[in-house]
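Just below is one structure, and these are the notes that go with it.
Here is the naming used below: chain letters follow the sequence lines, and residue numbers restart at 1 for every chain.
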There are 2 protein chains.
Amino acid sequence: MDLVILTLRSSRLYVLLIERGIEPFQGALALPGGFLSHEKEDLVAAAHRELAEEAGLGPDQLHLEQLGFYGAPDRDPRGRVVSAAYLAIAPRLPEPVAGTDASGACWIPVTQALAGDAQLAFDHEQILSDGVDRAREKLERSALATAFCGPTFTIAELQDVYEAVWGMRLDPRNFYRKVQSVEGFIVPAGPTRKTEGGRPARLFRPGPRATLHPPMIRPRGQADKETA
Amino acid sequence: MDLVILTLRSSRLYVLLIERGIEPFQGALALPGGFLSHEKEDLVAAAHRELAEEAGLGPDQLHLEQLGFYGAPDRDPRGRVVSAAYLAIAPRLPEPVAGTDASGACWIPVTQALAGDAQLAFDHEQILSDGVDRAREKLERSALATAFCGPTFTIAELQDVYEAVWGMRLDPRNFYRKVQSVEGFIVPAGPTRKTEGGRPARLFRPGPRATLHPPMIRPRGQADKETA
DNA sequence: ATAACTTCCTGTCACTGTGACAGTAAGCCT
DNA sequence: AGGCTTACTGTCACAGTGACAGGAAGTTAT
């Protein structure tokens, strides 16, 4: 079982990778994962267990969904290993990795992990790519973006999520209009305010609606955020 | 491994089901499937093999994609069985099931299979429901609908696909405008014509474009086709 | 042949939602 | 008080859709 754990750090999309301590691919970076422990363990429960062990993440305030299964006969030199991949979205975390048992766990920018120069073990580059694609698509027509944020957030923070995952800049004014027009996407969280430099921003919570209608539109063929 | 094989028959969406000959769930309807035969067989190859055995469908002119894995500990009374589910879309077929080795294979309307009165084996009702949902979503932003048709088709036939899968009626004039405006979705297939009652219709082939921009819009909260 | 009928295809108009802008409001700092 | 930063509100043109009517091209009936 492999896990694609995504989060946001300083306006960039990061993935949790682990340096392998054993062969094959010793020393290379790989997605966290493992095998099923008990005979009667649920797959989702196993994913949550791995998530707690490797990243110290509890099952609350965390999005977890099936990504796919990867079963090419030659993906593992030891023989046929069919792996179930899960996609997890974690909110912003204060510290990279807290007390875990994994040796070399670290957050790596997705752009860097997929650049090609960082060789990932097995077919993990493909799995990571599929996971990021899934996240990009789900931002369009679901409220998944709120999973990247804490319990409350500002609209600017939410926009930051979209820009980091999609890798492009968005117009703040149109973004405000859009997220406010979709009823039930985000709801005001009291008159509370948080500040950081300029005028205080209103806080919001995730709303009851899970699907966005009409969907968020991802501009096509636009310049990458990195080049801006 | 389980297969959700969908097709269109007389403007309705059908799924291929098989009456189980052995316990557990003997006599109940189930999705076709099987276990991996050779140690080094690819998963997709295994799906194609099952597809040929159970439904007589070759790998050409057939859409096949991963659907998900189902691993609840109690899904099979014999113990933990993790199953990989595939979604297959087959074009209109002249006869239900040709010379296959499966005993009681038959096409069943999806509405009937999901009605609840037809108890499916294991968690196959859930898998089928997920497969139909996947197909519904992919019709919105991909050219998957052409997989339900033969090598050439009319626009009315394509609309039939959308109406059957979505379970709702669409306006033919707006549908014409929409599919023609998306460049590369469908391309004219010669000046050929086919007829059936009224004015002959132009024939089209699937175009090079796999994704639809802007996407096909599924009307929300509309009356079901069956009630019209 | 002509009319009726079927199905295929083309237009038109109002409205929703977006892209692309400028401008105001509300806090901090000097 | 002025300047700076960030948060928020409006306005206009345009693309795309929903909801209609009407013409085009065949078959069948009279």
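- Asp2(A) and Tyr70(A) form no side-chain donor-acceptor contact under 3.5 Å, judged by distance and modelled atom types alone.
- Put simply, OH on Tyr176(B) is 18 Å from C1' on dT17(D), counting in whole angstrom units.
- The CG-C1' distance, from Leu158(A) to dC8(D), rounds to 16 Å in whole Å.
- Of all nucleotides listed (dC8(D), dC9(C), dG17(C)), dC9(C) comes nearest to the side chain of Arg202(B).
- As a whole-Å value, the separation of Arg169(A) CZ from dA20(C) P is 15 Å.
- To the nearest angstrom, C1' of dG19(C) lies 13 Å from CE of Met216(A).
- At a cut-off of 3.5 Å, with distance as the only test, no side-chain donor of Gln126(B) or His124(B) sits close to an acceptor on the other residue.
- Residue Ile217(A) is in sugar-phosphate contact alone, with no base atom involved, counting any heavy-atom pair closer than 4.0 Å across all strands shown.
- A straight line from CZ of Phe153(B) to C1' of dC8(C) spans 16 Å, rounded to a whole angstrom.
- Aromatic ring centres of Tyr162(B) and Phe175(B): separated by under 6.0 Å.
- Counting all heavy atoms, side chain and backbone alike, Ala189(A) lies closest to Arg205(A) at CB-CG, 3.4 Å.
- Out of dG17(C), dT9(D), dC13(C), the shortest distance to the side chain of Arg177(B) is found at dC13(C).
- Residue Lys178(B) has no polar side-chain atom (N or O) positioned under 4.0 Å from OP1 or OP2 of dG16(D).
- Rounded to whole Å, atom P of dC8(D) lies 10 Å from atom CD1 of Ile186(A).
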(message) Can you build the contact string for nucleotides 21-30 of chain C? Use B for base contact, S for sugar-phosphate-only contact, and - for no protein heavy atom under 4.0 Å.
(response) BB--BBS---
